[in-house]
Visitor: 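Below is a structure I'd like to ask you about.
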Amino acid sequence: MSCLTLTDTETGSRVEIAVHLGFNAYAFRAVVEDRTVDVIAAAADFPQTGVRPSGHGTPLLFPFPNRIRRGRFTWEGREYQLPLHPVMGHAIHGFALDRPWRLLHQGERVATAEFQLSRDAPDRLACWPADGLIQVTYRLRGAALRLDVRVVNPDTRPLPFGFGTHTYFRLPLGAGSEAARCLVLAPAAEQWVLEECLPTGERRPVPPTADLRDGARFGDLKLDDVLTGLIPTGDRVECVLMDEAAGLEVVQQFDPQFRELVAFTPSWLPAICLEPYTCVTDAVNLAAGGIDSGWRVLAPGEEWQAWIQIAARPILV
């Protein structure tokens, strides 16, 4: 087991990261005006057991987020078969979330690690069209945690990929508050139509049951939806979890290169997931059918960068 802790000594905010489980930031205790906000949800024994690595903390999803139908796709004339989830029967959440990453740098408030398919999961290399490298840096400053993401193609062949995070945001934010009364806000105007959690390729206006633009009470939500049509605020997209009784909110901001947002209410944690994705579920197969799915391709030697920030703060009046 290999875990590390980042600490902001000025405020006392702390982040705990399981390097051996996909470089997963499984705890973030942000100090806001002398109050500690437990931002990220995970089982207490998650770092020790590693059970269900996609179900706790901040799973990092690479080289694809969410599902690929039956784990099958064709790329440049070659058919690929990925390992399948034993219950779902599809490939899910990529190759990096359940393997150790290599720690490159650790400071008091900063840590960087990387995962390369050929080095860190060589048994999975044949399942993908090219080798791929992802590097993530966590930076803690006050009550804000920033993720900087860099994907590199070290191969001589084109690298297709998608990336996303799957953070479990804990609710409520304050002692004595009710999770059910917390507000969830996200600026998504559309939704991908799903059949058995897989997109048909059709997009529709977001229905009332998943419309978070004006805020919805957490207790009224039962979500497993792929939202899109995200509306940026300036140079970023912003989602908010608001605990009015506590006077606190958690804000997730991210690069507009993340064009999809999966909204999910898990049954096993008091949390909600708002997951920025660069592409929709099963993007590789949708792209093969001529649908704009957000699927990306890096030429040999090319790289891609993006960022996400999570911060706790008093509710802004």
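Fair warning: this is a prediction, and the values are worked out from it, not measured in the lab.
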Visitor: Under 4.0 Å between a Lys/Arg side-chain N and an Asp/Glu carboxylate O for Glu249 and Arg313?
Guide: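 So Glu249 pairs with Arg313 through a salt bridge.
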Visitor: Could you check whether Thr9 and Thr7, counting side-chain N and O atoms only, form a donor-acceptor pair closer than 3.5 Å?
Guide: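 No.
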Visitor: Salt-bridged, Asp282 to Arg69, with N to O below 4.0 Å?
Guide: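 The answer is yes: the pair qualifies as a salt bridge.
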Visitor: Under 3.5 Å, is there a donor on one side chain and an acceptor on the other for Asn153 and Glu303?
Guide: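 Note: Asn153 and Glu303 side chains miss the donor-acceptor criterion.
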Visitor: Find the distance between OG1 (Thr165) and CZ (Phe254) and round it off to the nearest 0.5 Å.
Guide: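 With rounding to 0.5 Å, OG1 (Thr165) is 8.5 Å from CZ (Phe254).
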Visitor: Heavy atoms only: give me the nearest Pro187-Cys239 pair and the separation to one decimal.
Guide: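 Scanning both residues, the minimum pair turns out to be CD-SG, 4.3 Å.
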Visitor: Once you round to the nearest 0.5 Å, how far does CD of Gln305 lie from CG of Asp148?
Guide: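 Between atom CD of Gln305 and atom CG of Asp148 there are 8.0 Å.
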Visitor: Without hydrogens or angle criteria, can the side chains of Asp243 and Ser177 be said to hold a donor-acceptor pair below 3.5 Å?
Guide: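 A pair is found: one side chain offers a donor N or O, the other an acceptor, under 3.5 Å apart.
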Visitor: Is the closest side-chain heavy-atom distance between Leu133 and Val151 below 4.5 Å?
Guide: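 Answer no - side chains too far apart.
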Visitor: Among side-chain atoms of Thr228 and Glu260, is any donor-acceptor pair under 3.5 angstrom?
Guide: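 Their side chains do contain a donor-acceptor pair, which is all the 3.5 Å distance test asks for.
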Visitor: For Arg29, does its backbone N or O pair with a side-chain atom of Thr36 as donor and acceptor, under 3.5 Å?
Guide: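 Judged by distance alone, no pair lies under 3.5 Å.
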Visitor: Got a second to check how far Phe73's CZ is from Asn285's CG, nearest 0.5 Å?
Guide: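 Reported to 0.5 Å precision, the distance equals 8.0 Å.
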Visitor: Is there a chain of hydrophobic side chains (I, L, V, M, F, W, Y, each step under 4.5 Å between heavy atoms) that links Phe163 to Trp192?
Guide: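 No, separate clusters.
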Visitor: So, for Phe64 and Phe95, is the gap between ring centers shorter than 6.0 Å?
Guide: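 When the ring centroids of Phe64 and Phe95 are compared, they turn out to be within the sub-6.0 Å range.
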Visitor: Verify, without hydrogens or angle tests, whether Asp45 (side chain) and Gln48 (backbone) share a donor-acceptor contact under 3.5 angstrom.
Guide: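 Side chain of Asp45 to backbone of Gln48, a donor-acceptor pair under 3.5 Å: no, none is there.
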Visitor: Go through the side-chain N and O atoms of Gln191 and Arg204 and say whether any donor and acceptor fall under 3.5 Å apart.
Guide: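 No, Arg204 and Gln191 have no side-chain donor paired with an acceptor closer than 3.5 Å.
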Visitor: Hey, could you give me the CZ/SG distance between Phe264 and Cys197, rounded to the nearest 0.5 Å?
Guide: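 Between Phe264 CZ and Cys197 SG, I get 8.5 Å after rounding to 0.5 Å.
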Visitor: Determine whether the aromatic ring centres of residues His85 and His90 are separated by less than 6.0 angstrom.
Guide: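 So the answer is no for these two rings.
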Visitor: Check whether the side chains of Gln257 and Trp304 place a donor and an acceptor atom closer than 3.5 Å, and report yes or no.
Guide: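 A pair is found: one side chain offers a donor N or O, the other an acceptor, under 3.5 Å apart.
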